[in-house]
Colleague: 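Please read through the structure below; I'll follow up with questions.
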Amino acid sequence: MNATRKEDAVRQALRVYFIMGSSNVPAGIPPELILAEAIRGGATLFQYREKGTGGLRGKARTELAWKLRLLCRERGIPFIVNDDVDLALELDADGVHVGQEDEAASAVRTRIGSKLLGVSAYHEAEAEAAIRAGADYLGVGPIFATRTKEDAKSASGVQAIRRMRELGIRLPIVGIGGITAENAAGVVRAGADGVSVISAISSAEYPREAARRLATAVESALANR
Ligand code: 3NM
């Protein structure tokens with residue numbers, strides 16, 4: 001795929017970017033059910049993120065990762081692994097997402113070749129370093145307050161994205177942190193290509209409906225930008 005087509009495909013895939021690990025789902029509900037519903041509702045990409053104190057390890061982790069990976073392949077959306085290049089390669093994932101505390105983005109780029117590379121960036125210096133390291137997209141946040149990430153920084157507001165765009169950063173951006181169907185439009189208006197959520201879908205009573213509402217909010221904000 002040439003560079004422009006890849007970038008367009010990334011922008012499309014970032015619209016409703018759903019993240020989940022086993023600790024993000026209500027007790028007794030299989031994560032694969034939630035993912036299937038999210039995709040039906042309009043999730044455009046999935047990231048497997050098995051973090052936190054109660055996260056799965058070893059065989060249980062790999063088994064769940066395989067289930068979710070295969071579901072994404074079957075339904076035709078990209079599957080990204082958070083912060084574990086070995087697992088991503090084992091599953092032939094579509095990409096890897098790393099934060100600032102994870103393996104260096106440039107080292108990940110070397111290991112994954114042309115797979116998608118996403119990098120978290122809180123401010124423009126981190127964004128510029130990620131671009132130099134070969135990132136395909138930036139995850140910018142937390143935009144709003146979140147209780148899902150244990151060590152989240154303070155919320156930046158949508159200005160963090162607006163400022164990156166004003167400084168000329170053109171790489172695809174997805175906003176993250178405390179995003180809901182109610183506040184998603186503002187994130188897109190500030191310059192994001194889409195929104196990334198955990199709890200707005202994984203903790204929703206009806207994940208399909210939750211994903212649909214996010215998709216509608218993002219699409220109408222993009223159409224009016
Ligand atoms: N990363 P929710 S905030 C995984 O700021 C993650 O980089 C963040 O969960 C960052 O949609 C966050 O439930 C948690 O707020 C997002």
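The basis for the numbers below is simple: all heavy atoms, side chains too, and nothing from hydrogens, waters or symmetry mates.
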Colleague: Is it the case that atom CZ in Arg225 sees more than 12 heavy atoms from other parts of the structure closer than 6.0 Å?
Modeller: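 Yes, enclosed.
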Colleague: Using atom types as modelled and distance alone, determine if a side-chain donor or acceptor of Asp193 lies under 3.5 Å from a backbone N or O of Ile173.
Modeller: yes
Colleague: Would you call Lys6-Asp136 a salt bridge at under 4.0 Å N-O?
Modeller: yes
Colleague: Does CZ in Arg75 sit with more than 12 non-hydrogen atoms of other residues, nucleotides or ligands closer than 6.0 Å?
Modeller: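 More than 12 within 6.0 Å, yes.
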Colleague: Going by an N to O cut-off under 4.0 Å, is there a salt bridge joining Arg163 and Glu166?
Modeller: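 Judged by the 4.0 Å cut-off on N to carboxylate O distance, Arg163 and Glu166 do not form a salt bridge.
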Colleague: Is there a donor-acceptor pair under 3.5 Å between the side chain of Asp94 and the backbone N or O of Ile80?
Modeller: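 Pair absent, no side-chain N/O of Asp94 close to backbone of Ile80.
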Colleague: Does atom CZ (Arg61) have a neighbourhood of more than 12 heavy atoms from anything else shown, all under 6.0 Å?
Modeller: yes
Colleague: Run the salt-bridge test on Arg73 and Asp92 with the 4.0 Å N-O cut-off and return the result as yes or no.
Modeller: yes
Colleague: Looking at Glu63 and Lys59, does any basic side-chain N land under 4.0 Å from a carboxylate oxygen?
Modeller: yes
Colleague: Please report the C-alpha distance between Tyr122 and Gln100 in whole Å, then the side-chain angles of each, then the deciding distance to 0.1 Å, and finally whether the side chain to side chain donor-acceptor pair (under 3.5 Å) criterion is met.
Modeller: CA-CA 9 Å; Tyr122 187 60; Gln100 295 291 323; over 6 Å; no
Colleague: Apply ring pair (Phe, Tyr, Trp, His ring centres under 6.0 Å) to Phe18 and Tyr48, showing your working.
Modeller: CA-CA 9 Å; Phe18 178 40; Tyr48 181 53; over 10 Å; no
Colleague: Is there a continuous path of hydrophobic side-chain contacts, each under 4.5 Å between heavy atoms, that joins Val85 to Leu116?
Modeller: no
Colleague: Between Ser22 and Glu50, do the side chains contain a donor N or O and an acceptor N or O under 3.5 Å apart?
Modeller: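 Note: Glu50 and Ser22 side chains meet the donor-acceptor criterion.
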Colleague: Any salt bridge linking Lys51 with Asp84? Criterion: basic side-chain nitrogen under 4.0 Å from a carboxylate oxygen.
Modeller: no
Colleague: Which heavy atom in Leu214 sits nearest to a heavy atom in Ala184, and how many Å separate them?
Modeller: CD2-CB, 4.4 Å
Colleague: Without swapping roles, check the side chain of Lys115 against the backbone of Ala93 for a donor-acceptor pair under 3.5 Å.
Modeller: yes
